[in-house]
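Here the structure comes first, spelled out in structure tokens, and everything after it is commentary.
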Amino acid sequence: QVLLVESGGGLVQAGNSLRLSCAASGRYFSAYTLAWFRQAPGKEREFVAAISSDGDNTLYKDSAKGRFTVSRDDTENTMYLQMNTLKPEDTALYYCAANFVRNSAYTSARGSFYPYWGQGTQVTVSS
């Protein structure tokens with residue numbers, strides 16, 4: 001099985017930054033397409049960012065472009081989400097997700113594509 005554990009969430013003032021981490025178990029991390037999703041209270045889960053298994057292709061929710069950066073370190077089996085200029089509307093429980101892929105350039109914004117999910121880390125942005 002693939003286990004994913006998020007960390008790095010917290011309470012910050014609007015305009016500040018956080019760096020989330022998603023640590024993965026398993027022997028084939030370099031073959032995972034990875035993504036971040038988030039869910040705010042009373043709202044449906046939404047896509048935030050994704051990165052291909054080769055690390056060369058990324059995909060972002062429109063509101064995250066220019067503020068968030070997704071990256072991966074295959075030597076540490078970890079994906080990161082650098083979040084800058086945080087806004088109150090970024091407040092949510094953030095989840096990482098993974099799937100094995102044949103195409104190393106592939107990314108997906110569809111939650112149904114990902115069979116492996118972490119437990120989430122809470123991000124709260126105050127005004």
Side-chain angles (χ1 to χ4, degrees):
Q1 60 181 347
V2 177
L3 298 178
L4 304 171
V5 180
E6 303 94 334
S7 62
L11 173 62
V12 298
Q13 294 275 351
N16 290 141
S17 300
L18 282 174
R19 185 176 179 86
L20 306 184
S21 299
C22 174
S25 67
R27 301 168 62 183
Y28 308 106
F29 182 83
S30 63
Y32 298 171
T33 291
L34 299 163
W36 290 97
F37 292 79
R38 68 188 183 189
Q39 187 168 26
K43 299 187 66 177
E44 294 186 350
R45 185 180 62 196
E46 65 177 356
F47 169 77
V48 179
I51 187 166
S52 58
S53 63
D54 63 13
D56 292 335
N57 194 24
T58 57
L59 187 66
Y60 294 95
K61 174 181 174 65
D62 284 346
S63 64
K65 292 179 180 177
R67 298 191 300 125
F68 292 6
T69 302
V70 63
S71 61
R72 64 190 296 157
D73 184 346
D74 290 354
T75 67
E76 296 290 337
N77 278 21
T78 302
M79 173 180 63
Y80 302 97
L81 184 67
Q82 178 66 44
M83 304 187 294
N84 298 326
T85 319
L86 283 161
K87 303 175 180 179
E89 50 262 46
D90 295 318
T91 295
L93 188 64
Y94 283 70
Y95 298 92
C96 63
N99 197 4
F100 297 105
V101 295
R102 185 182 302 275
N103 184 349
S104 64
Y106 185 77
T107 63
S108 178
R110 295 185 296 107
S112 60
F113 174 75
Y114 298 95
Y116 306 111
W117 293 80
Q119 84 292 339
T121 185
Q122 179 67 38
V123 172
T124 302
V125 184
S126 65
S127 60

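Throughout, numbering of the chain's residues begins at 1 and tracks the sequence. Everything numeric in this text was worked out from a predicted model, so none of it was measured.
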Which atom of [X] lies closest to which atom of [Y], heavy atoms considered:
X: F37; Y: F47; answer: CD2-CA, 3.4 Å
X: S104; Y: S53; answer: CA-OG, 3.1 Å
X: T33; Y: T107; answer: CG2-CA, 4.0 Å
X: T85; Y: S17; answer: N-OG, 4.2 Å
X: A49; Y: L81; answer: CB-CD1, 4.2 Å

Quick check: Y106 with F113 (ring centres under 6.0 Å apart)? yes
Would you please indicate yes or no on a ring centroid separation below 6.0 angstrom for F100 and Y32? yes
Is there a donor-acceptor pair closer than 3.5 Å between any side-chain N or O of [X] and the backbone N or O of [Y]?
X: T91; Y: T124; answer: no
X: N57; Y: S52; answer: no
X: T121; Y: G9; answer: yes
X: E6; Y: Q119; answer: yes

Kindly confirm or rule out a cation-pi arrangement of R72 over F29, judged by NZ or CZ under 6.0 Å from the six-membered ring centre and within 45° of its axis?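 Cation-pi check for R72 and F29: passes.
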With the side chain counted from C-beta on, respond yes when [X] and [Y] share a heavy-atom pair under 4.5 Å apart, and no when they do not.
X: D90; Y: R38; result: yes
X: V125; Y: K87; result: no
X: N16; Y: L86; result: no
X: M83; Y: R67; result: no

Thinking salt bridges, do D62 and K65 make one under a 4.0 Å N-O criterion? yes
Using a 6.0 Å cut-off, check whether atom CD of E44 has over 12 heavy atoms from anything other than its own residue.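 Counting other residues, nucleotides and ligands, CD of E44 stays at 12 neighbours or fewer.
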